[in-house]
Amino acid sequence: MVRGVTNLVFCGVGGQGVLLASEVAAQVALEAGLDVKKSEVHGMAQRGGSVFSHVRFGERVYSPVIPLGEGHMLVAFEELEALRYAPYLSNQARVMVNTLRVNPITVLSGEATYPRDPVGMLRSRFLHVEAVDALALAVEAGSPRAVNSVMLGLLSRYLPFDPRLWLSVLEARVPARAREINVRAFGLGRELFS
Amino acid sequence: MKVLLSGDEAIARGAWEEGVKVASAYPGTPSTEILEALATMPGVYAQWSPNEKVALEVGIGASMAGVRVLVAMKHVGLNVAADPFMTLSYTGVGGGLVVVSADDPALYSSQNEQDNRHYARMAKVPMLEPSDSEECKRLMGEAYTISETFDTPVLFRITTRIAHGKGVVEVGERREVPSRGLKLDPAKWVMLPNFARDRHPLVEERLERLVSYGESLPDNRMEMREPQLGFITSGVAYQYVREAFPQASVLKLTLTYPLPRDKILEFASRVKRLFVVEELDPFLEEQVRALGLDVVGKRVFPRVGELSPELVRAGVDKDYRPTWISFSPIPPRPPTLCPGCPHRGVFVVLKRLKATVFGDIGCYTLGALPPLSTLHSCICMGAGVGMVHGADKAGEGGRKVAVIGDSTFYHSGITGLADIVYNDGVSTVVIMDNGTTAMTGKQGHPGTGVALQGRGRRIPLESLVKGLGVERVRVVDPYHLGTMEEVLKEEMEAREPSVVITRRPCTLITPGPIGTCRVDQELCIGCGICVKVGCIALAMVEEGGEKKARIAEHLCYGCGVCAQVCPKEAIGEVENG
Ligand SMILES: Cc1ncc(C[n+]2csc(CCOP(=O)(O)OP(=O)(O)O)c2C)c(N)n1
């Protein structure tokens, strides 16, 4: 990884929990003793708009924004959004995409069309693409709201942090009553493709 | 302890550790989270003011009374507060006073991308610019020291990347700073011409002393590495320079007004090629040039939008061709009014009435986008109210209204309405009262009576507008399109000032659903009229060669606006069960 800095891109649609997921990843890196920077945008973008977050960690991080073409991993909560943020990724990047399609208003009103096969498009350009029905796994874990824990579980497989650290950070970030479900969802995500 | 904080949170933490006792603001992206964080910290009185001018005046009063004060606003907020700000430079402070201006290069959530560094120069006030969260916190100490040592307000300028970016911050304890007490001193605080005339030379002298201070300030830092390439930079651009050219020498400026002239000249003499890297205007560049130095800046770096590591690299190295993978076309995903948003029905009706809509700023500005496309101007907070009256006086005879949110009305719509009444206007102002400041994340305002740290007192909207002399005041439910249409038509025709309050709480306050609607596939003729209300719960779905409307029930709020526009009455409420 470039000069010891790891670059993660999270993306999705406003309201999906993208920022919470990126928050957990950043906190894990911090507690692992690394320098961390994170960049995202609040406000107008969240009214059902496209949402992203960059998380960078390593010995010393300068730019809070990932330079184009230098992202190592993409955690996408929605298929179209995965395509949108591809420019931030290196062609060696690992793409983890939740197989969910949320039509933007431009598609609903007929101005634009949703691409027919976003996952196929990703596969044509990236070597490592993992398409996951995170919603089904979240429901299996006990709640459709645990999608982000499934995605974090999957991501955790490819990062050099102790799973116990992930779980302790995750538990601290979710409400007490949802803890068990999220821990289960994280586990389901982590076991994928193993 | 090390924690991960956004720039906004780090500023709040820094202010708290520096013993700030009073903080005031009006919300505005990307500055809002500063006061939200400060409000939770012990020993601080924090409030939302109706607008930024008042916020700053509250801050000045508290400073005059002797305590340390923080006032925060987004960049355009300082336009509103510019009047007190300019003269505050003359009076100076009692307790330390820091004004945070959060600029928004790239306009993530703003109506322009003005560069507020010019305010420091215009007001002759020192300006600090942090380049990450760690500096946001640490430089608060510097800011209060400068403010109290030099008897001046300090402009603390951040940008969206700094405000909403996060980084590692070492947090410490709070230091109680005793009040300096109220000192009545007319020559300092009463800016009559005679007194102000004597203050102006002091302001000029202060600037000169600040130049010397900046020369020895460790945070105006010369980082000598390889001498071939030198950069003068500040703020987040510093991080981009370090990312793009880790081996280059850098003069990292933190006190960016007034500039340390000798340090700049010395740095220039020690490098071969000199670049100035800054977002937006050539603020540093022009001053560096005025020192007689030959630098490259806006000739190769853009004046618009944000910078990035790639843009910095590309500006310096003409042969740099970054590569990345991109897909196209990708349908845009603009923000939209939420399902159940009470603003939607107002636009549906105004569209039907073919009214010209003088708009304003808030969630409802989204009414300008397709498919609603029913908001025809947006300049600044409060502007629509003055504009509808102006258009009327210009002889524009068609149907027209101003639409303004409740928070925006208290911020700066009141004076516009007074103008309509006073000047014998006939315009109609629609106040979209959703009981909150939705755009920036549900803050209270005077119409709600909910204050930042708890209870406040409510100023009811109806009595306020009646008190301004408006006799025709109607309140309607924006979910009832028929009534709203009748009322709006009548009020636009009335030859006197009128106010229509469309009242329904924001769905962020009352998260539904209050019901669920469904399209009867038998009755639907696929005309597509319903999807023109612009709701993400509704789509035209093709099945067996036929296109029909369908509602995604998990997204539906149950407002029934789509049902009311359906010509075939094909949309109905699903029975509970
Ligand atoms: C001078 C200034 N201050 C702050 C803002 C940020 N801002 C934009 S709209 C808005 C308030 C919106 O609230 P309201 O008028 O109630 O409309 P709503 O979003 O609730 O529909 C704010 C704070 C701004 N654009 N300009």
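Protein chains get the first letters and strands the later ones, always in sequence-line order, with residue 1 at the start of each.
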Participant: Using non-hydrogen atoms and a 4.5 Å limit, figure out which bit of A:Asn103 sits close to chain B: side chain, backbone, both or neither.
Facilitator: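 The backbone, not the side chain.
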Participant: Heavy-atom cut-off 4.5 Å, strictly under: side chain, backbone, both or neither for A:Val102 against chain B?
Facilitator: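 When you check distances to chain B, atoms from both the backbone and side chain of A:Val102 fall under 4.5 Å.
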Participant: For A:Leu30, is it the side chain, the backbone, both or neither that has a heavy atom under 4.5 Å from a heavy atom of chain B?
Facilitator: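 For A:Leu30, side-chain heavy atoms alone lie under 4.5 Å from chain B.
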Participant: Would you mind telling me which of B:Leu538, B:Ile325, B:Val531, B:Val541 has the largest number of heavy-atom pairs within less than 4.5 Å of chain A?
Facilitator: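 So the answer, after comparing B:Leu538, B:Ile325, B:Val531, B:Val541, is B:Ile325.
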Participant: Check whether the ring centres of A:His128 and A:Phe126 lie less than 6.0 Å apart, and answer yes or no.
Facilitator: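 Centroid distance A:His128-A:Phe126: not below 6.0 Å, so no.
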Participant: By a 4.5 Å heavy-atom criterion (distance strictly below it), what part of B:Leu337 contacts chain A: side chain, backbone, both, or neither?
Facilitator: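 Contact with chain A: none, neither part.
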Participant: Residues two or more places apart in sequence or in another chain: which of them pass side chain to side chain contact (heavy atoms under 4.5 Å, CB included) with B:Ala102?
Facilitator: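 Scan of B:Ala102 (side chain to side chain contact (heavy atoms under 4.5 Å, CB included), adjacent residues dropped) gives B:Pro30, B:Ser31, B:Ile158.
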Participant: Can a side-chain donor-acceptor contact be found between A:Glu130 and A:Tyr158 if the only test is distance below 3.5 angstrom?
Facilitator: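 Side-chain D/A pair, A:Tyr158 to A:Glu130: present.
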Participant: Which answer fits A:Glu111, side chain, backbone, both or neither, if we ask what part of it has an atom under 4.5 Å from a heavy atom of chain B?
Facilitator: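 A:Glu111 touches chain B through side-chain heavy atoms alone.
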Participant: B:Val236, B:Thr32, B:Asp132, B:Thr440: which one forms the most heavy-atom pairs within less than 4.5 Å of chain A?
Facilitator: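 That would be B:Asp132.
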Participant: Counting only heavy atoms closer than 4.5 Å, note whether A:Thr113 contacts chain B via side chain, backbone, both or neither.
Facilitator: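 It is the backbone, since no side chain atom gets that close.
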Participant: How far apart are the closest heavy atoms of B:Leu366 and B:Thr336, and which atoms are they?
Facilitator: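 Closest approach of B:Leu366 to B:Thr336: CD1-C, 3.7 Å.
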Participant: At a heavy-atom separation under 4.5 Å, does A:Val36 approach chain B through its side chain, its backbone, both, or neither?
Facilitator: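 It is both, since atoms from each part get that close.
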Participant: As a test of understanding, state which of B:Thr159, B:Asn112, B:Thr160 forms a side-chain hydrogen bond (donor to acceptor under 3.5 Å, both in side chains) with B:His75.
Facilitator: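 Only match with B:His75 under side-chain hydrogen bond (donor to acceptor under 3.5 Å, both in side chains): B:Asn112.
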Participant: Please classify the contact between A:Tyr85 and chain B as side chain, backbone, both or neither, with a heavy-atom cut-off of under 4.5 Å.
Facilitator: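 A:Tyr85 has no heavy atom closer than 4.5 Å to chain B.
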Participant: Would you please name every residue forming a salt bridge (Lys or Arg N to Asp or Glu O under 4.0 Å) with A:Arg145, sequence neighbours left out?
Facilitator: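 In terms of salt bridge (Lys or Arg N to Asp or Glu O under 4.0 Å), with neighbours along the sequence ignored, A:Arg145 is linked to no residue.
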